[in-house]
Amino acid sequence: MPDNSSSYNPNETEEKIYRLWEESGFFNPDNLPERHQKPFTIIMPPPNANGSLHLGHALTTATEDIMIRYKRMRGFKTLWLPGADHAGFETQVVFEKKLEKEGSSRFEILKQEGGREKLYKMIWDFTQTNKSHMEDQIKKLGASCDWSREKFTLDPNIIKTVYQTFKKMYDDGLIYRASRIVNWCPKHQTALSDLEINWEERNDKIYYVKYFLADNPKEFIIVATTRPETIPGDFAIAVHPQNKQYKNFIGKSVTNPLIKNRGKYGDAIKVISDSAVDKDFGTGALKITPAHDSVDFEIGKNHSLPLDYQIIGWDGRMNELTGELNGLKILEARTKSIEILEKAGALEKIEDYKHQVSVCYKCKNTIEPLPRTQWFVKMTEAPKSGKLSLRDLATEAVKSGKVKFVSKKFEKIFNHWMKNIRDWNISRQIVWGIPIPIWYCAKCGQDILFIENGRPDRCPKCNNNSFKKESDVFDTWFSSGQWPFATLQACRPDDFKRFYPTSIMETGWDILFFWVARMIMFGLYVTGKIPFEHVYLHGLIRDKDRQKMSKSKNNAIDPLGVIDLYGTDALRLALIIGNAPGNDPIISEEKIRGYRNFANKIWNASKFVMMNLEDFAPLSKPTLTDGDKKILKELGKFIKEVTKDMENFRFYAAGEKIYHYFWHTFADKIIESVKPRLKSADKNERLASQYLLLEILKTNLKLLHPFMPFITEEIYQKLPIKEKKLLMIEEWPI
RNA sequence: GCGCGCUUAGCUCAGCUGGUUAGAGCGUCUCGUUUACACCGAGAAGGUCCGGGGUUCGAGUCCUCGAGCGCGCACCA
């Protein structure tokens, strides 16, 4: 070693080493030497281009880089394809927060002339800046990915693929447009998929409301409801067919206790019977407000009730159909409606009630179920061209073992979710995303799928030539679900053929349904092949108190901060060791510091070896003692164990074994035992011990390289070995 | 309601198909200025493997019941 400092300084070496790797060109599989033939591919989960990287990204990067570096050393043609995600809704939410801080809002900008385009451009610029920061951060983490193949989810050729898929599905009958009750977030003013809502337990009230018979106001039926403000939208009271108490009411009409004169819709609320009603819940009678509840919508459909009588606006306020409630926010309207009911003598009682309420997963505001015409994907019906539905394609692939989950528990969770899956709403009422390529005939309303530039010529139905473009964009997961084949098809001509199906999809378990499940469905549906052979799901990083790390909780460890303090290698090891796949790891600064100490140990032990190697120039292999042979034999055994762990995705175990061997066997025992021999007068004795030290050090650097790429490469480059390559492409020592 | 998982040393976790005195890191304690390293070395203490029952020659590991904790899915007003 050139310097005599007693501690390793990662900051000096990491940048230099990364440049060395990049310049070698070996991140690109096309440049790898002859021995690298069999492909090994990982498509990097593209980080959202709306912020900076957190420890979760560092974990993703470390895990995937370990796999890639290991396989590269084992002679595979390794492709690790990086990317960035425009992350539709998420990015728009982040950007809107930024606008709010600046005293503006999305709605402010959309009001302006050309506002939509202007907002899109602002978010575009925002993501491009973030994207380039993120690339630098991924490099700092040591990722040996092929930057020449990097993709962005809004690249034109990615969008092209997404449109082709949409067309295929449309023609295949998997895409339909329908009015349904959707999960509407009044703050963000967009519909959300079932996955984008959370359920929160709330302590609310349940109100028992009397509905009086129209022709006999002395008699009434009592309904328990948590949402009295929706009464103006009631069109029926449903009771179970076997309900005894209200049997005689069926077929009769009751009056709306909150509002009169609904115009053409009439004021009648009919008492109907429907088996969807739970006869043991509440009073056994359910008020039916078709436009504001999905159960009611279904019952309403079956009984031919008006489905579109919407009394709450997109902004979450009561509209003009609600009389005195008009203009009020939901909760205000609830209070007001109770006052009115009370005055009218229609309120029986109020009880405390604990229940689950759906909220927007981003802003936590209560989701408003509202009817809206949206584009959906059929999940459980087979396409015209095939036998299996998207759901069945995916579950079959998993069941048959074509797609393997590294952690079996996720396979169970996957199957359970698939069993209950419903059609997927892919329409989003936001600007940031890929536009849904549909035009509507201005005359007859026919929807026309058109994926070229420009617009359709003529309406195929009525021959009219003026159109209105669909303003909704795709759910971002509709495009990212196609990521493995979309990226490879958008690279070099042969890439798809060479690298698809990919080897492993490695990502956090929190996006198992959002992303992994969809990729399996899309992959099989579009290409006929699985998108990846293995699914490796890592856990979500927690702090010491088991809290999920987040900026808002102020408990997040900034990866760049700890890299500056302790080095990337130390961070990577801290993220990997003690972290079995699927468990949520707890990361503390102390842990990272511990592995910084290890890096220092490696540095000093290596320094010691090299200090004693200055006169090492054996003409032939020195004669080894029995003790030496035993040590080398054990080393061989150790290599086998580590390799087995690597093959079985037990990186936490492999890392720990190497740590332990290097420190407590090599440094503490072997080096110590060899010290006197290094000073021996017997030349062979000296050569033998030098040989031993160099062999073990070399081997350890190789085994450690996937985990701690920087320090191992730095030391390897200093070793007095002839024909030396980059450690990155050396052979794994087995 | 349906489903999944966890419970092993003070803390964070390993323990793969059941097999010798149950492991690691951090922390704690004692000793040590031996020139690779104090971001160190030598050594030590510390566990009824959540509880009951069962299968077995043998169980932390398999089965079963229970307790506690966590999580996912779900249109009970």
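Labels below follow one simple rule: chain letters A, B, ... track the order of the sequence lines, proteins then strands, and each chain is numbered from 1.
- The phosphate of B:A77 (OP1 or OP2) has a side-chain N or O of A:Y353 nearer than 4.0 angstrom.
- For B:A74, neither phosphate oxygen OP1 nor OP2 lies less than 4.0 angstrom from any side-chain nitrogen or oxygen of A:R422.
- No engagement by A:A653 is indicated, since no non-hydrogen atom pair under 4.0 Å with the nucleic acid exists.
- Between A:I586 and A:V295, the one whose closest nucleotide on RNA chain B sits nearer the 5' end is A:I586.
- Within the nucleic acid shown, A:G594 has no heavy atom closer than 4.0 Å to any nucleic acid atom.
- At B:G25, one or more side-chain N or O atoms of A:H664 fall inside 4.0 Å of OP1 or OP2 (strictly under the cut-off).
- Contact annotation for A:F513: backbone-only contact, meaning every heavy-atom pair under 4.0 Å involves sugar-phosphate atoms and none involves a base.
- Side-chain nitrogen and oxygen atoms of A:W509 include none within less than 4.0 Å of the OP1 or OP2 phosphate oxygen of B:C71.
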Provide a list of protein-nucleic acid N or O atom pairs under 3.5 angstrom, restricted to nucleotides 15-18 of chain B.
from  : atom 1 : to     : atom 2 : distance (Å)
B:G15 : OP1    : A:Y652 : OH     : 3.0
B:C16 : O2     : A:R650 : NH2    : 3.3

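- A donor-acceptor contact under 3.5 angstrom links the side chains of A:H355 and A:D204, judged on distance only.
- At a cut-off of 3.5 angstrom, the base of B:C37 holds at least one donor-acceptor pair with the side chain of A:K601.
- When only modelled atom types and interatomic distance are considered, A:E381 and A:S389 share no side-chain donor-acceptor pair under 3.5 Å.
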Hey, what are the protein-to-nucleotides 32-35 of chain B N/O distances that come in under 3.5 Å?
none

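- In this model, the phosphate group of B:C13 is not approached by any side-chain N or O of A:N583 to a distance below 4.0 Å at OP1 or OP2.
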